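In what follows, a structure is listed as structure tokens, so that the remarks can point back to it.
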Number of protein chains: 2
Amino acid sequence: MARRGLTTQRVTVAAADLADEIGFEGVTVSAVARLFGVRDASLYSHIKNVQDLRTRVAVLALAELADHVAAALAGRAGKDALVAFADAYRAYAKEYPGRYAATRLELDPEVAAASAAGRHAAMTRAILRGYALEEPDQTDAVRLLHSVFHGYVSLERSGGFQNTQRAADASWSRALDALDVVLNNWPPA
Amino acid sequence: MARRGLTTQRVTVAAADLADEIGFEGVTVSAVARLFGVRDASLYSHIKNVQDLRTRVAVLALAELADHVAAALAGRAGKDALVAFADAYRAYAKEYPGRYAATRLELDPEVAAASAAGRHAAMTRAILRGYALEEPDQTDAVRLLHSVFHGYVSLERSGGFQNTQRAADASWSRALDALDVVLNNWPPA
DNA sequence: GTCGTGCGCCTAGAGATATTAGGCAATTAT
DNA sequence: ATAATTGCCTAATATCTCTAGGCGCACGAC
């Protein structure tokens, strides 16, 4: 009965890696157990159930994404910061598609509050420091930015931009230009 | 052995309704069979497998959404058209959450081509007629608009805007104002 | 060092879902 | 009316989730 050194953390990371390989929907207790060479039942000492496992992957991914974005954002301001944030966000989604998909899991309010979701909002607000926006315009702008980032990445991943000549990279760059324009010319209420 | 009058179409609609009730992930062959009071196996004369069933729901939803948007768009132009499109899009997602979730299913390129996805792009382009945009700016703008619509709706649905005072409706309205501004001031390449 | 004790992984098993193969009866075509 | 077809059935297998309970290895207590 060789011990495999299972841990909630190690199981979560393995599940996240698996998600990146085969898609977040493929993250199954059986599949992760297979990775470790143990029986399905053995994982239930470390995770509560599949939902718990997937939630843990989501929380992990949110934290990692926040780290990546924070690193890219360091020392930048204005449009520079906007582009750095956006590119880091999109790059993470590209490099870790399964983890990124996990970040879109609907979390319990308590779990969400304890997660890195707040860091995302804070960093988005930090970008806006380079633009002159008061509340509630700032909140509206945060939501717009997040919508564009997530929406673009999500549509790009689900193949929404494939049937045309225009490269997805080029449109992304122009979308950021457009956001910069609108943040500088935010319409009055 | 009473016949239930199963049809691919009726099965698909039942699956879509079920999706709206319990979520798109809950759309299962067994669950739909239960709705009709037949055995699971009986559905396989009408659908190929679960994936096929879900794809059919997605295609149905794309067509319905296109219908709703087209109706809202009729006779409008400029910002009026932009707001009508966006509101119809968001309203559909709110009223038919399961169907809307289905529209984000990754479709095979052939299926996607045969679906109403093209109508969506065409209608988005129609909006842009009210703004002076040439290619490739037009394609970039289409992608930006779609990203905002989908991104906002998706984040709203997954609870992203819950922890603040600002109403989701208000931010949505301002996001559309912002899009109008940027379409009128599209940055030069 | 050895002796527990507990933790880590196991076996066993039940319930759901997906899917295939093949059958009989109800409907439709002739 | 009879033949052909179609619609739903039973049966069976595989995969996945999850619970209950067991056994031994590794650690701390002494």
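Here the structure is a predicted model, which is why all the values come from computation and not from measurement. Naming: A, B, ... by sequence-line order, numbering from 1 per chain.
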Under 3.5 Å, is there a donor-acceptor pair linking the side chains of [X] and [Y]?
X         : Y         : value
Tyr100(B) : His150(B) : yes
Arg125(B) : Thr139(B) : yes
Trp172(B) : Asp87(B)  : yes
Asp180(A) : Tyr131(A) : yes
Tyr92(A)  : Glu64(A)  : yes

Legend entry - Cation over ring face, Arg90(A) and Tyr152(A), 6.0 Å, 45°: no

Legend entry - Pi-cation contact, Phe24(A) with Arg99(A) (under 6.0 Å, within 45°): no

Legend entry - Interface with DNA chain D, restricted to residues 25-52 of chain A and to heavy atoms under 4.0 Å: Thr28(A), Val29(A), Ser30(A), Arg34(A), Asp40(A), Ala41(A), Tyr44(A), Asn49(A), Val50(A)

Inset, instruction - Round to the nearest Å and state the distance from Arg54(A) atom CZ to dT17(D) atom P. - result: 7 Å

Inset, instruction - Check DNA chain C against residues 6-21 of chain B and give the residues with a non-hydrogen atom under 4.0 Å, in numerical order. - result: none

Inset, instruction - For Ala141(A), check side-chain contact (heavy atoms from CB on, under 4.5 Å) against everything at least two apart and list the hits. - result: Leu128(A), Leu133(A), Leu183(A), Trp186(A)

